[in-house]
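Working notes, structure below.
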Amino acid sequence: MFAALANPLRFMAFSRWAAPLLGAAAAVAIGVGLVFGLEAPPDYQQGQTVQIMFVHVPAAWTAMLAYACLGAASFVSLVFRHALADQAAKAAAPLGAAFTGLALITGSLWGRPMWGAWWVWGDARLVSVLVLFLLFLGYLALRASIEDEAKSARAGEILALIGLINLPVIHFSVEWWNTLHQGESILRKGGPALAPVYLLPLLLMGAGYSLAFGALWLARTRAEVWKRRATSLALQAALA
Amino acid sequence: MIGVLLKRELALAWGRGGGAALAVGFLACASVMLPLSLGPEPARLARVASGVAWVVLALASLLSLERMFERDFEDGALDLLCLGPLPLEVVATVKCLAQWVVVGAPLALATPIAAIALGAKPQAAPLLTLAAALGGLAFAFVGGAGAALALASRRGGLLIALIVLPLLTPPVIFGGAAVESFQIGLPWLAPLLMLGAYALAAAALTPFAMAAACRNALS
Amino acid sequence: MIGVLLKRELALAWGRGGGAALAVGFLACASVMLPLSLGPEPARLARVASGVAWVVLALASLLSLERMFERDFEDGALDLLCLGPLPLEVVATVKCLAQWVVVGAPLALATPIAAIALGAKPQAAPLLTLAAALGGLAFAFVGGAGAALALASRRGGLLIALIVLPLLTPPVIFGGAAVESFQIGLPWLAPLLMLGAYALAAAALTPFAMAAACRNALS
Amino acid sequence: MIVALRIEELCLARGERRLLAGFSLALEAGEAIALTGPNGAGKTTLLRSVAGLIRPLCGAIRFDGGEGRLDADDARRFGCHLLGHQDGLKSGRSAGEELDFQVRWTGGTTDAAQGAAERLGLTRLLGLPVRALSAGQRRRLALARLAASHRPLWLLDEPLAPLDAAHRILVGELMSEHLGRGGLILAAVHDPLPILAREVGLAGAP
Amino acid sequence: MIVALRIEELCLARGERRLLAGFSLALEAGEAIALTGPNGAGKTTLLRSVAGLIRPLCGAIRFDGGEGRLDADDARRFGCHLLGHQDGLKSGRSAGEELDFQVRWTGGTTDAAQGAAERLGLTRLLGLPVRALSAGQRRRLALARLAASHRPLWLLDEPLAPLDAAHRILVGELMSEHLGRGGLILAAVHDPLPILAREVGLAGAP
Ligand code: HEM
Ligand SMILES: Nc1ncnc2c1ncn2[C@@H]1O[C@H](COP(=O)(O)OP(=O)(O)OP(=O)(O)O)[C@@H](O)[C@H]1O
Ligand SMILES: Nc1ncnc2c1ncn2[C@@H]1O[C@H](COP(=O)(O)OP(=O)(O)OP(=O)(O)O)[C@@H](O)[C@H]1O
Ligand SMILES: [Mg+2]
Ligand SMILES: [Mg+2]
């Protein structure tokens, strides 16, 4: 499928209908997830604030997903030197930064009632998510500061691949250090340790966020393709 | 051939950031400044000591990193390095090692002294040195990658900081955790091993990134 | 004419050290790293907060200072600056001011935020900003003098550190004392005035030193 | 305005090495001098000491205006262009920014900078970073400052080396115009200048 | 050992600008080519792409050895000297240190470096910092590397510009010797080379 999509024309044809479709699916999943989520009973420990979970946890997942996509696109671009892959990588970065920001904000909104602090320095997971955010920003800044498109692409690929190290650190940080942050409760050995009333909306929201990311990613990649077409047309016009 | 290169890189690293003396002076100065601005209560100082040493280590590395590749890039020496018998990956490794020898190693030796002067437990000295040495290694390589990536852009310093700082955080976490655990009597081997693993991974992987980034900037 | 020069110097200062974003990122990072390596106990952090902000301010200034004159010296732009309508003393002043605007001022604004994030009292914010702004001014001018003096030598960084670090200590003492006194309810005006006097004296005297040092390096 | 440069009994040294002793030279308005001499003879050092960047061991460098002797410092700061081996262009900034700064710093206007850029065929290059220019384009950018901000005394250190034939001729024209306006040119060269110039040789190391 | 350089249907671009298209060239052992062309034509770019520093858009650059085609990477790393507009000398280090490093890095010995320094009249200057050298002395220092460590292919970018007449002749002799040993020279120039060379012109921007 990827090989097929590597052709820009086919990609544009595919994404023309795929992006809105994914967007609609995302809206449905998020809508239903929100309804279930708002109806979920208050947790005996966390009270009503447990509902923040439905915004926070999917945002954190999607942030990591976005970085993984950025890394994968960069890898493809580095190895196969495919312009489309670079455009996809460039398009993924601001989305990833946004989702990471969302995870940080909702997390600290949750932290205030739960831990009595907006932010806890020294918590490895929190800090590693902040690092993820900075990595996205660094990627964006690096791309923006190199005018030559080819050089900018190459430098971005290298940075994105170096930053991949951070993903396992984020995921396993709760195991490696004793942190305040919640341990693994869903993707853990022996099945999820979450009551179905919470699990169902959480998974729905997770799916919704990921679909939304997918839709936005396709749309942004399309925009990037258009932008480059426009610049190369302008150049041809200037040279002619 | 590596020897020829190493000799040159050591001389350059020494001249570049002022080398060891600058870094150690930096540390000394920070150790003086901290009590000045904190007030001299020993209990408070002792806890802060090793943490500050880490921050200084990271900042001092950053201080001289920016120019690791930039000078060679601007004056044409990078062309010459590309046309030498050793691949650029090796050249980058040697550069980072030289940086570490000149800045990281003296700092690793000075760190426990500063920490103890500020009131840390003397028993922690060997661990502090080891952690600082490993941390400095990670800083040198990760920082080198940032410096090489920033070559192609117009804004050196800013970019390097932005790129490098996030990647410097894990070693600081690991190193700080090892020292802290040791001081309060918890097991400290695991974080130290993580630190070592990070440093080795950086030393093994970033040379490829550096070489690719340099070639990219030249082309 | 000063406007023309200031525009250029601002652009260069911005590009050189990465400017505001670098310094602030630096501060942010140090604020991240410190708790990481200290452990997150709020009580401890709060006491350290403003002290650390000072150290970071000093280090961030040093970070970009070294190249304040060196680039212009090496690429011949200093010749051009000598042959312009303004005397070299004014040029040096403008350079330092640009450095301060780009690095010092944003840092002064960010310092209280970092300190409060680490747990300092919010009421201290205005004082912290003022002290950091004055301190930054002193750092920029004293650091500039060090950078100019180091031009003629082969070992820039080392010299700058040796020359500048001792001269940076008084502002840190005064500034730290002012903030600390404020936080524990003692009179804080006197140290603040001392800090201001030091900064003004630096701004008034060092331009002559810088100009003389530049001429010396060129000849 | 500078109408004559007089160098009298000048001695110059670098490090421990004596370069010139008892060197004298007079340059009048509308005249060009080509300084020649082997490598290391002291051409660059002489130009830089005329510009006031290097202090002579002995002797005098005088600038005469219409009404008698000028203050040397003023003459240098308002009447003198130095184009050295290094051109003082920042490789990271854009060519346009650098040209504009150099011209305005030496007393010209932005419009004049545009005009000079056009004359030297740089207009399409002004958006590029200086680093991206070819050696000849970069040298032309440095020369544009001389054409844009009018200062009577030009001190040139091998101004034509990286230029192609067409641009050598063009710069020759610029120089003639400058001389026609009553300018003075003191140029260190290894190849002949494209204008009529009096040749002054420096002996070089013994 | 490289005995021939073949460039076939090369296309080069910088930024968005096309410099060369379908450019071909063959250089055999013992032969020198003088690349000419207006500023910005792409001479430097061509030399750097032969040295492997710039990746061509299309076309091939081949190095032939005695027994057939050589690996391009090896040929460049062991058989090729590039002397660009910038000479890669660190201005703060001493001339001797820099020469020794450059020579040994490209495969020569310290003795050869001494010999080359003597040949080029640099011996008395080796203790000075590179910054203190005059432009011509500095260029000679850069050229000494070529004379000291033997590599067959010399890629030279305006090698003679800052040299005085005597040293141009001397460098001409060095080049002839190099060609006599079976070397190859590809030099970008604006002034004629002091040796017999085939001229290849680059057209320059349309
Ligand atoms: C700014 C603060 C916070 C940040 C940056 C943050 C970050 C993250 C991240 C990255 C994940 C996904 C980890 C993975 O799946 O590998 C996550 C999951 C989670 N977070 Fe947070 N978090 C924050 C605050 C909180 C707070 C205050 C709570 C509630 C006490 C909380 C509860 C959870 C839960 C329950 C999960 C799901 C864990 C799992 O099932 O794997 N988080 N968070
Ligand atoms: N610090 C120093 N110590 C000793 N000698 C020095 C020092 N600085 C410069 N020199 C010498 O002074 C001379 C300076 O020559 P200058 O640069 O004026 O030569 P030039 O005539 O311009 O030569 P070129 O034609 O090569 O440009 C050189 O011989 C140089 O080696
Ligand atoms: N990033 C870039 N974007 C656009 N154009 C560029 C870029 N980099 C280089 N160029 C252009 O490519 C050309 C490079 O020319 P090159 O340096 O090869 O010229 P040259 O033939 O060596 O000229 P000279 O005789 O002046 O040395 C120049 O016209 C330059 O302006
Ligand atoms: Mg000279
Ligand atoms: Mg060229």
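Lettering follows sequence order; numbering is per chain, from 1.
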**Asked** Who among Leu134(A), Leu161(A), Ile158(A) has the most heavy-atom pairs with chain B under 4.5 Å?
**Response** Ile158(A)
**Request:** State plainly whether the residues Arg154(A) and Asp148(A) are in salt-bridge range, i.e. N to O under 4.0 Å.
**Result:**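 Looking at Arg154(A) and Asp148(A), the cut-off is not met.
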**Prompt:** Is Asp72(B) paired with Lys95(B) through a side-chain N to carboxylate O contact shorter than 4.0 Å?
**Reply:** yes
**Thr221(A)-Gln87(A) side chain donor-acceptor pair, cut-off 3.5 Å** =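 No, because no side-chain N or O of Thr221(A) sits under 3.5 Å from a partner of the opposite role on Gln87(A).
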**Request:** Tell me, out of Val142(B), Asn216(B), Leu167(B), who's got the most heavy-atom pairs with chain A below 4.5 Å.
**Result:**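 Option with the greatest count: Asn216(B).
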**Prompt:** Quick check: does any side chain N or O of Lys151(A) sit under 3.5 Å from a backbone N or O of Ala217(B), one acting as donor and the other as acceptor?
**Reply:** yes
**Request:** Given salt bridge (Lys or Arg N to Asp or Glu O under 4.0 Å), test Lys90(A) with Glu149(A) step by step and report yes or no.
**Result:** CA-CA 11 Å; Lys90(A) 201 174 175 186; Glu149(A) 197 64 57; 3.8 Å; yes
**Prompt:** What part of Leu78(A) lies closer than 4.5 angstrom to a heavy atom of chain B: side chain, backbone, both or neither?
**Reply:**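 Answer is neither: Leu78(A) stays 4.5 Å or more from chain B.
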Is chain A contacted by the side chain of [X], its backbone, both, or neither, given a heavy-atom distance below 4.5 Å?
X: Tyr198(B); value: side chain
X: Ala201(B); value: neither
X: Leu205(B); value: neither

